[in-house]
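A short write-up of the structure that comes next.
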Amino acid sequence: MTMQIVPRARLARRDDREQLAELVNAHLSAVIPGARVSVNTVLASLERQPDEYVVDPWVVERVTIVVEQLDRVVAAAHLQRFAERPAVSEDYRGAGLVQWFLVIPEEDAAADALLRACLAQLAAWDVRIAYADGQLPFPGVFGVPESWPHVRAALERGGFVWDGPAETVLLATTASLPDPALLASDGLAVRRTLGPAGVRFAAERDGSELGSLELDLGAGRAERHAAGVGIAELSDWDVDDEADASVLPWLLAQARAWLELSEVRRLLVAEDADDAESLERLTGLGFRELVTTARGWRRAVR
């Protein structure tokens, strides 16, 4: 006679921390090669998200739920409740968020038990609407990536519907970016300043700006992941190739030189999955597509 193992959902405890980190890192590794975070990073992300300086102050409650089978954590989710006050944007006001929902593949019973517990918590909070995401404490991991089909299936079984955008995450090694030693300047000069999203590089010719990009080097700071990963984000770029096709390669070459001095080995960027032109430009300059991720999952609660 085979004994049926019933998954049990409960609130996370501190002694779950190693298994939680293992579950997070397993999902990270399916999106970004070599991505890994420490136990302390996972625990800190459950308490607050300082990078989300607009949205994080609106959060008034946070709960982490795990599902265990035979004393093993096989699924986990982190939930947030947003305040109902005028300072909170209308989309978030009185809403709930499943910030991430993780489960070992093929553990459908555990996934469904976790969904039931999440929905019960959202109902207890009396939120007007619930959102779901897969935002983990590592750059480039958000939404529901196509490499997590088991998560998507579980959310759909729980009544969540995707009606938002899709983004493609790309990665370049620093060495694969255009080499500054091989590119002629063609009269271009670089102006480096601090921009809103990071270090800003502007390409200028005869005093006129022809394009710019910004690097977020904070993506690679030690508290975000294990030492040695060396990763940054291309947080913004604006170049008109029709005006001068040499500007973007030249700017990426300047970025490469700066990344090498910073001992950063990889550069991430996320683009609109429907923007075929931008994706083609980037893949032609050393980037490769990693994954397409779906953002904007929601479910009516009231």
Side-chain angles (χ1 to χ4, degrees), residues 1-32 35-47 61-81 95-125 127 129-138 141-162 291 293-301:
M1 180 177 179
T2 304
M3 181 179 67
Q4 184 179 12
I5 301 172
V6 179
R8 182 173 70 95
R10 59 169 174 79
L11 294 179
R13 304 187 300 253
R14 188 167 181 82
D15 60 1
D16 295 320
R17 58 191 182 274
E18 286 83 6
Q19 293 193 68
L20 268 180
E22 181 181 343
L23 195 58
V24 167
N25 285 324
H27 284 75
L28 285 177
S29 68
V31 182
I32 308 293
R36 188 169 184 83
V37 293
S38 67
V39 170
N40 286 340
T41 295
V42 173
L43 292 180
S45 72
L46 304 182
E47 297 174 355
E61 284 191 78
R62 306 169 200 262
V63 167
T64 305
I65 302 171
V66 302
V67 172
E68 63 178 5
Q69 291 180 173
L70 300 177
D71 298 321
R72 180 193 182 194
V73 173
V74 295
H78 184 62
L79 286 70
Q80 299 177 343
R81 180 174 72 85
L97 169 67
V98 181
Q99 185 186 341
W100 46 257
F101 183 99
L102 310 176
V103 60
I104 294 175
E106 300 182 6
E107 294 287 355
D108 291 350
D112 293 344
L114 181 60
L115 241 306
R116 288 193 297 270
C118 290
L119 294 176
Q121 181 61 67
L122 293 166
W125 279 342
V127 298
I129 191 169
Y131 301 112
D133 202 85
Q135 184 184 13
L136 295 178
F138 198 93
V141 185
F142 53 85
V144 180
E146 60 188 357
S147 49
W148 299 354
H150 59 297
V151 172
R152 180 173 186 141
L155 290 175
E156 289 175 340
R157 290 197 304 272
F160 282 89
V161 176
W162 173 51
V291 69
T293 188
R295 310 189 81 168
W297 292 80
R298 62 176 64 207
R299 184 187 193 277
V301 177

>> When you measure from the side chain of R81 to the backbone of W125, do you find a donor-acceptor pair of N or O atoms at a distance under 3.5 Å?
In response: no
> Are any non-hydrogen side-chain atoms of V103 and V74 less than 4.5 angstrom apart?
Replying inline: no
>> Please evaluate residues H150 and E106 with respect to the criterion side-chain contact (heavy atoms from CB on, under 4.5 Å), reporting the C-alpha separation (whole Å), side-chain torsions for both, the decisive distance (0.1 Å), and the verdict.
In response: CA-CA 7 Å; H150 59 297; E106 300 182 6; over 6 Å; no
> Between D133 (side chain) and W100 (backbone), is there a donor-acceptor pair under 3.5 Å?
Replying inline: no
> Hey, what's the ring geometry for W148 with H27, parallel, tilted or perpendicular (30° and 60° as the breaks)?
Replying inline: perpendicular
>> A side-chain contact here means heavy atoms from C-beta on lying under 4.5 Å apart; do L115 and F160 qualify?
In response: yes
> Do E68 and Q19 touch side chain to side chain, with heavy atoms closer than 4.5 Å?
Replying inline: no
> Between R299 and L119, is a side-chain contact (heavy atoms from CB on, under 4.5 Å) present by the stated rule, with each step listed?
Replying inline: CA-CA 10 Å; R299 184 187 193 277; L119 294 176; 3.7 Å; yes
> If every non-hydrogen atom of Q69 is compared with every non-hydrogen atom of A110, which pair is closest and at what distance?
Replying inline: OE1-CB, 3.9 Å
>> Side chains of L136 and L102, heavy atoms from C-beta outward: is any pair under 4.5 Å?
In response: yes
>> Between W297 and E156, is there a side-chain heavy-atom distance shorter than 4.5 Å?
In response: yes
> Shortest non-hydrogen contact from A21 to V39?
Replying inline: CB-CG2, 3.8 Å
> So does R14 have more than 12 non-hydrogen atoms from other groups sitting under 6.0 Å from CZ?
Replying inline: no
> When rounded to the nearest 0.5 angstrom, what distance separates CD in E22 from CZ in R36?
Replying inline: 8.0 Å
> Taking all atoms of both residues into account, what is the closest heavy-atom pair of A77 and V98, and its distance?
Replying inline: CB-CG1, 4.3 Å
>> I need the single residue from L79, L46, D16 that forms a side-chain contact (heavy atoms from CB on, under 4.5 Å) with T64. Which is it?
In response: L46
> Where is the tightest heavy-atom contact between L97 and A132, given as atom of each residue plus distance?
Replying inline: CD1-N, 4.1 Å
> Under the 3.5 angstrom rule, does the side chain of W162 hit a backbone N or O of R295 as a donor-acceptor pair?
Replying inline: yes
>> For the CD atom of Q121 and the CG atom of L11, what is their distance to the nearest 0.5 Å?
In response: 7.5 Å
> Any side-chain heavy-atom pair from R157 and D108 closer than 4.5 angstrom?
Replying inline: yes
>> Looking at every non-hydrogen atom in both residues, tell me the closest pair between P145 and T293 and how far apart they are.
In response: N-OG1, 3.2 Å
> Are the side chain of R62 and the backbone N or O of E47 linked by a donor-acceptor pair below 3.5 Å?
Replying inline: yes
> What is the minimum heavy-atom distance between F101 and A111, and which atoms define it?
Replying inline: CZ-O, 3.5 Å
